[in-house]
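Here's the structure, in structure tokens; my notes come after.
The model shown is predicted, which means the values in this text are computed figures rather than measured ones.
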Amino acid sequence: MTNCCIGNSAASLSGEYREERKMNGSFPVMRAPGVAPGRSSGSAFGNLVWAVATSDDKTLSLKGQIEASFRKIERVLAHFETDKRCLISVNVLLADVEQKKEFDVNWREWVGDDPDHWPQRCCVQAILSAGTLVEISVVAARPS
């Protein structure tokens, strides 16, 4: 078993995260800026990070949208000083579950060969917004 959260380099998303205080005490929830009103692209609390991604370009093929989504996830994770090696859980929503095999090929290339870095993952069909072929939501660990 490896410690997935040592020696990460952190790139930053444009903008600063916000830290919120709630419940009459210290309850820091950090948020990465999103592209749509009312939504962040990622959040962190303690040693956990949540991120969600779709492609901004809805004209791309499934492979193109998958790659764009993976890049967004990597940017959000880096923003919170972690990376894909620290993924715990991944939910994949496909507009057409018949494309799961194609997704799996891209997934294996992206996630890598080390089983110590493989998160648990589910992949389901969902009705997505017009032109969106894939949406990916992740939970990752991060150093304290």
Side-chain angles (χ1 to χ4, degrees), residues 1-20 22-23 27-144:
M1 191 176 299
T2 60
N3 184 344
C4 70
C5 297
I6 295 178
N8 298 316
S9 63
S12 181
L13 291 173
S14 60
E16 292 294 317
Y17 69 80
R18 289 185 353 171
E19 186 173 311
E20 299 176 4
K22 301 197 185 241
M23 298 174 24
F27 189 78
V29 175
M30 293 172 276
R31 304 193 191 282
V35 295
R39 292 182 259 173
S40 63
S41 58
S43 301
F45 177 74
N47 288 43
L48 294 176
V49 174
W50 293 261
V52 64
T54 60
S55 173
D56 293 331
D57 185 350
K58 307 305 181 192
T59 66
L60 294 174
S61 66
L62 177 62
K63 180 177 176 58
Q65 288 195 26
I66 292 167
E67 291 170 349
S69 297
F70 286 159
R71 285 191 302 272
K72 273 188 175 181
I73 288 167
E74 289 174 346
R75 282 194 308 269
V76 173
L77 294 177
H79 178 80
F80 291 114
E81 300 179 352
T82 189
D83 62 47
K84 67 184 178 182
R85 296 172 302 158
C86 298
L87 289 172
I88 296 169
S89 178
V90 177
N91 294 315
V92 179
L93 308 176
L94 291 173
D96 181 359
V97 77
E98 295 299 318
Q99 295 179 311
K100 182 180 179 297
K101 286 183 182 180
E102 183 179 347
F103 180 86
D104 288 342
V105 168
N106 291 276
W107 169 261
R108 285 189 300 272
E109 289 173 8
W110 184 70
V111 81
D113 295 330
D114 187 344
D116 285 342
H117 299 157
W118 294 346
Q120 68 83 39
R121 191 198 89 183
C122 78
C123 187
V124 299
Q125 181 167 315
I127 299 171
L128 301 173
S129 62
T132 299
L133 303 176
V134 62
E135 182 169 338
I136 305 168
S137 178
V138 305
V139 179
R142 71 177 184 152
S144 49

* Asked: Which pairs with one or both residues in residues 47-57 pass salt bridge (charged side-chain N to carboxylate O under 4.0 Å, His left out), sequence neighbours excluded?
  -> Asp56-Lys72
* **Non-hydrogen side-chain atoms of Lys58 and Thr132 separated by less than 4.5 Å** => yes
* Identify, with sequence neighbours excluded, every residue that meets side-chain contact (heavy atoms from CB on, under 4.5 Å) alongside Leu48. => Trp50, Ile88, Val139
* Only pairs at least two apart or in different chains count here, so list each salt bridge (charged side-chain N to carboxylate O under 4.0 Å, His left out) that has a residue in residues 93-103. => Lys100-Asp104
* Asked: Looking only at heavy atoms, which two atoms of Trp118 and Gly112 are closest? And how far apart?
  -> NE1-O, 2.9 Å
* Which pair of non-hydrogen atoms, one from Ser55 and one from Ser69, has the smallest distance, and what is that distance? -> N-OG, 3.6 Å
* Determine yes or no for a side-chain-to-main-chain donor-acceptor pair under 3.5 angstrom, with Ser41 supplying the side chain and Pro33 the backbone. => yes
* To do: Over all heavy atoms of both residues, which pair between Pro143 and Asn47 is shortest? Give the atoms and the distance, please.
  => C-ND2, 4.2 Å
* Could I get the full list of side-chain contact (heavy atoms from CB on, under 4.5 Å) partners for Ser61, not counting sequence neighbours? => Lys63
* Answer yes or no: is there a side-chain heavy-atom contact under 4.5 Å between Leu77 and Glu74? => no
* Asked: Does Phe45 offer a backbone N or O that forms a donor-acceptor pair with the side chain of Arg142 under 3.5 Å?
  -> no
* Structure fact -> Scanning both residues in full, the closest heavy-atom pair of Ser40 with Ala32 reads CB-O, 3.0 Å
* Structure fact -> To the nearest 0.5 Å, atom OG1 of Thr54 lies from atom CG of Leu133 at 10.5 Å
* With sequence neighbours excluded, tell me which residues meet side-chain contact (heavy atoms from CB on, under 4.5 Å) with Val97. => Gln125
* Between CD on residue Glu109 and CD1 on residue Ile66, distance to nearest 0.5 Å -> 9.5 Å
* To do: Would you confirm whether Gln65, through its side chain, and Gly131, through its main-chain N or O, come within 3.5 Å as a donor-acceptor pair?
  => yes
* Would you call Glu135 and Val52 a side-chain contact if the rule is heavy atoms closer than 4.5 Å? -> yes
* By side-chain contact (heavy atoms from CB on, under 4.5 Å) - contacts of Val92 (at least two apart) -> Val90, Leu94, Phe103, Arg121, Cys123, Val134
* Structure fact -> Heavy-atom closest pair (Val49 atom, Ala44 atom, distance to 0.1 Å) is CG2-CB, 4.0 Å
* **All pairs passing salt bridge (charged side-chain N to carboxylate O under 4.0 Å, His left out) where residues 32-45 contributes a residue, at least two apart** => none
* Asked: Does any pair with a residue in residues 54-73 pass ring-ring contact (aromatic ring centres under 6.0 Å, His included), and if so which ones, sequence neighbours excluded?
  -> Phe70-Trp110
